[in-house]
Amino acid sequence: MSLADNGTGTDNGTATATGTDNATGTDNGTATGTDNGTANGTRPCAPTRGRPRSEAVERAITEGVMKLLEEGVPLAELSIERIARTAGVGKATIYRRWPGKEELFVDVVREAEPQDPELPGTSLRDDLVAMMEQLRQRGLMTRSSALLHNVYAQMKSTPKVWAAYHATVVEPRRRKQVDLLRRAQENGELRTDLDPELMNDMLVGPMLLRTVMRFDADLPEGLSELLVDTVLVALRPVRPAN
């Protein structure tokens, strides 16, 4: 990667960019843009569909964001221009993938977090344990990474970023959990007199309390199984006595 006063950035796995106002970026396509964040005169509202996406270029961009964060640059001072210069790409290259720095920042955080688990599908209990374990691992990672801890703190103090993170990461994860519980109700595995949203809060709440609000609380191996098994006792259907 290199910097030039009037260069171009290509998305075929290599990228060059400029920090000037006359940078252009190509993406195995024909779109060009200026450093006011436009492509062919307009800024897209979402990543362009149908265009080959270069993993190498996207990795350079996300790593550029992480590099700036590691250097102590506050989120409020992260600009697309600065990110582009650090990553060695044109601003238009970034805007073709993310509509703004908030969405890019959320993707960077999502990559740094433990991946959402593939549910085993062997039983309701096993699926719930897998979900709880992801939360436990996320808590451990946040505690061991000063960078992630700082990133989460900045997100929560930046409403637009926090809203984007909640909409694209937290809410889909929560819906997956609630849908699992609702299917279990329909299958007769859980009592039907409780709202699935409430049941999800009963399951997830204790883990979130320990991972988000009580940094002094232990997160030992087996905690996910213990929480699921304890709460399921109250959520299983009551069988009538013979």
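Positions are given from 1, in the same order as the sequence printed here. Heavy-atom basis, side chains included; hydrogens, waters and symmetry copies ignored.
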Would you say that [X] contacts [Y] through its side chain, given a criterion of any heavy-atom pair below 4.5 Å between the two side chains?
X	Y	result
Arg125	Glu225	yes
Arg143	Thr211	no
Leu226	Thr230	yes
Tyr165	Glu102	no
Glu133	Pro117	no
Leu181	Met202	no
Leu232	Leu190	yes
Arg110	Asp107	yes

Please report the interatomic distance [atom1]([X]) to [atom2]([Y]), rounded to the nearest 0.5 Å.
X	Y	atom1	atom2	result
Leu78	Ile83	CG	CD1	5.0 Å
Trp98	Thr93	CH2	OG1	10.0 Å
Arg136	Leu208	CZ	CG	14.5 Å
Leu68	Thr86	CG	OG1	4.0 Å
Met131	Ser224	CE	OG	12.5 Å

Applying the 4.5 Å side-chain criterion to the ILVMFWY set and letting contacts propagate, would [X] and [Y] be lumped into a single cluster?
X	Y	value
Val170	Val204	no
Leu128	Val178	no
Leu219	Met141	no
Leu198	Leu135	yes
Val151	Phe215	no

Minimum heavy-atom distance [X]-[Y], with the two atoms named:
X	Y	answer
Ala84	Gly90	CB-C, 4.1 Å
Leu227	Pro206	CD2-CB, 3.8 Å
Val73	Glu77	CG1-CB, 4.1 Å
Gln115	Gln134	O-CG, 3.7 Å
Ala87	Ala60	CB-O, 3.4 Å

Legend entry - Residue Lys160 excluded, over 12 heavy atoms near NZ under 6.0 Å: no
Inset, instruction - Look at atom CD of Glu118 and say whether more than 12 heavy atoms of other residues, nucleotides or ligands are closer to it than 6.0 Å. - result: no
Legend entry - Pair Glu113, Tyr152: side-chain N/O donor-acceptor within cut-off below 3.5 Å: yes
Inset, instruction - Verify whether one side chain among Gln185 and Glu189 offers a donor that lies under 3.5 Å from an acceptor in the other. - result: no
Is a side-chain donor or acceptor of [X] paired with a backbone partner of [Y] at a separation under 3.5 angstrom?
X	Y	answer
Thr158	Val161	no
Asp126	Pro120	no
Lys101	Leu75	yes
Asn187	Arg183	yes

Inset, instruction - Could you tell me whether Glu103 and Arg97 have a side-chain N and a carboxylate O separated by less than 4.0 Å? - result: no
Legend entry - Salt bridge present between Lys67 and Glu63 (N-O < 4.0 angstrom): no
Inset, instruction - Write out all pairs satisfying side-chain hydrogen bond (donor to acceptor under 3.5 Å, both in side chains) with one or both partners inside residues 193-206, taking only residues at least two apart or from two chains. - result: Arg174-Glu197, Arg175-Glu197, Gln177-Asn200, Arg191-Asp193
Inset, instruction - Apply side-chain contact (heavy atoms from CB on, under 4.5 Å) to the pair Leu203 and Leu235, showing each step before the final yes or no. - result: CA-CA 10 Å; Leu203 283 159; Leu235 298 184; 4.3 Å; yes
